[in-house]
Peer 1: 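Starting off with a structure, shown below.
Residue numbers run from 1 in the order of the sequence given. For ligands, and for the atoms within them, numbers begin at 1 and follow the listed sequence.
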Amino acid sequence: MTKVSVCFVCLGNICRSPTAEAVMRQLVDAAGLTDRVTVDSAGTGNWHVGEAPDERSQRAGGKRGYDLAVLRARQIAARDFDAFDLIVAMDDANVTALQQVAPASARDKIRLLMEFAPNAQQRVVTDPYFGGEAGFEAVLDQCEAACSGLLAALRPQLVD
Ligand code: 4NP
């Protein structure tokens, strides 16, 4: 049975990447693929390690039925490039930071989340941390569109 693993990555692992993780997990569960698709998230920075997601992310996600409260921030590590098939970044700064952590042979595992929503207006998921509530809604909108595209892109690998 083929399995696929995905780790979403942002800067702090308290806003964007835990949101993507919760959205993706719900899509995977709804598709009956829980045993076949592993979903996780991490930050490139270490400031928030061990913390639950930002209250604003929890609140915005909760209104759409996503439970972020159980998640805890962690920092990405070189071994994640062995453990995961795809390392999915939110923005270009995340990609640059990930390229510094990745073993050279695993750099092609790094992707931008919005590549999976080719019809979307934005090519990156903007950091909502220093802004207002609308930014957190935008993160959710982008994660819903792109995670749906990501799951569709993974499906051909999950046929057996
Ligand atoms: P995230 O947002 O990368 O989406 O988790 C941020 C969280 C914290 C900080 C910046 C961005 N910070 O500067 O502490």
Side-chain angles (χ1 to χ4, degrees), residues 5-29 37-103 106-151 153-154:
S5 54
V6 180
C7 186
F8 297 101
V9 176
C10 60
L11 177 61
N13 195 209
I14 56 168
C15 298
R16 292 166 292 174
S17 61
T19 299
E21 177 183 350
V23 168
M24 187 69 179
R25 183 164 291 121
Q26 187 153 306
L27 288 169
V28 165
D29 290 349
V37 183
T38 300
V39 185
D40 196 4
S41 67
T44 60
N46 65 1
W47 308 281
H48 299 283
V49 168
E51 293 178 17
D54 188 286
E55 294 282 344
R56 297 164 295 175
S57 293
Q58 289 194 45
R59 200 162 45 242
K63 282 193 284 179
R64 298 195 197 189
Y66 304 113
D67 180 15
L68 275 69
V70 294
L71 304 177
R72 292 294 176 271
R74 71 178 185 91
Q75 188 176 27
I76 195 83
R79 65 179 173 278
D80 288 311
F81 287 85
D82 288 328
F84 291 92
D85 297 307
L86 282 179
I87 306 284
V88 181
M90 300 295 131
D91 65 25
D92 297 310
N94 306 150
V95 170
T96 301
L98 285 166
Q99 283 168 341
Q100 283 158 13
V101 177
R107 290 209 182 114
D108 61 352
K109 292 186 173 185
I110 303 168
R111 307 288 291 273
L112 268 178
L113 178 62
M114 295 311 289
E115 282 175 36
F116 298 98
N119 297 326
Q121 301 293 317
Q122 314 88 342
R123 56 176 292 285
V124 296
V125 183
T126 303
D127 184 351
Y129 189 71
F130 295 105
E133 301 291 328
F136 292 83
E137 296 298 331
V139 168
L140 277 160
D141 291 342
Q142 288 185 272
C143 287
E144 286 177 342
C147 287
S148 170
L150 173 57
L151 184 57
L154 295 177

Peer 1: Considering all heavy atoms of both residues, which atom of Ser17 and which atom of Cys10 are nearest to each other, and what is their separation?
Peer 2: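 That closest heavy-atom pairing would be OG-SG, 3.0 Å.
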Peer 1: Do Lys63 and Leu140 have side chains that approach each other closer than 4.5 Å (heavy atoms only, starting at C-beta)?
Peer 2: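 No, their side chains stay 4.5 Å or more apart.
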Peer 1: Please say whether His48 places an N or O atom under 3.5 Å from an N or O atom belonging to ligand 1.
Peer 2: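 Between His48 and ligand 1, an N or O pair is found under 3.5 Å apart.
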Peer 1: Taking non-hydrogen atoms only, is Asp127 closer than 4.0 angstrom to ligand 1 via side chain, backbone, both or neither?
Peer 2: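 Side chain only.
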Peer 1: Below 4.0 Å, non-hydrogen atoms only: which portion of Val139 touches ligand 1? Side chain, backbone, both or neither.
Peer 2: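 Looking at Val139 and ligand 1, no heavy atom falls under 4.0 Å.
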Peer 1: Report, in ascending order of atom number, the atoms of ligand 1 lying under 4.0 Å from any heavy atom of Gly12.
Peer 2: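 So the atoms of ligand 1 that pass are 1 (P), 3 (O), 5 (O).
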Peer 1: Are any non-hydrogen side-chain atoms of Val9 and Phe84 less than 4.5 angstrom apart?
Peer 2: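 Of all side-chain heavy-atom pairs linking Phe84 with Val9, none is under 4.5 Å.
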Peer 1: Does an N or O anywhere in Leu11 fall below 3.5 Å from an N or O of ligand 1?
Peer 2: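 Min N/O separation from ligand 1 is below 3.5 Å for Leu11.
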Peer 1: Does any N/O atom on Cys15 come nearer than 3.5 Å to any N/O atom on ligand 1?
Peer 2: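 Checking ligand 1 against Cys15, an N or O pair does fall under 3.5 Å apart.
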Peer 1: Can a salt bridge be assigned to the pair Arg64 and Asp141 using a cut-off of 4.0 Å between side-chain N and carboxylate O?
Peer 2: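 Yes, Arg64 and Asp141 are salt-bridged.
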Peer 1: Quick one: which ligand 1 atoms are inside 4.0 Å of a heavy atom on Phe130?
Peer 2: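 That gives atoms 13 (O) of ligand 1.
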Peer 1: Please name the residue in the list Arg25, Gln58, Gln26, Glu144 that meets the side-chain hydrogen bond (donor to acceptor under 3.5 Å, both in side chains) test with Tyr66.
Peer 2: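 Only match with Tyr66 under side-chain hydrogen bond (donor to acceptor under 3.5 Å, both in side chains): Glu144.
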Peer 1: Within the structure, does Ser17 bring an N/O atom to less than 3.5 angstrom of an N/O atom in ligand 1?
Peer 2: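 No - when backbone and side-chain N and O of Ser17 are compared with those of ligand 1, no distance drops under 3.5 Å.
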Peer 1: Considering only heavy atoms of Ile14, which atoms of ligand 1 have at least one such atom less than 4.0 Å away?
Peer 2: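 Every atom of ligand 1 under 4.0 Å from some heavy atom of Ile14: 5 (O), 7 (C), 8 (C).
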Peer 1: Nearest protein heavy atom to atom 9 (C) of ligand 1, by residue and atom, and its distance?
Peer 2: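 Ranking protein heavy atoms by distance from atom 9 (C) of ligand 1, first comes Tyr129 CD2, 3.6 Å.
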Peer 1: Please evaluate residues Val49 and Asn13 with respect to the criterion side-chain contact (heavy atoms from CB on, under 4.5 Å), reporting the C-alpha separation (whole Å), side-chain torsions for both, the decisive distance (0.1 Å), and the verdict.
Peer 2: CA-CA 8 Å; Val49 168; Asn13 195 209; over 6 Å; no
Peer 1: Based purely on interatomic distance, does Pro128 place a nitrogen or oxygen under 3.5 Å from a nitrogen or oxygen of ligand 1?
Peer 2: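 No, since none of the N or O atoms of Pro128 sits under 3.5 Å from an N or O of ligand 1.
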Peer 1: Just need the protein heavy atom nearest to atom 1 (P) of ligand 1, so name the residue and atom and give the distance.
Peer 2: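 Answer for atom 1 (P) of ligand 1: Cys10 SG, 3.5 Å.
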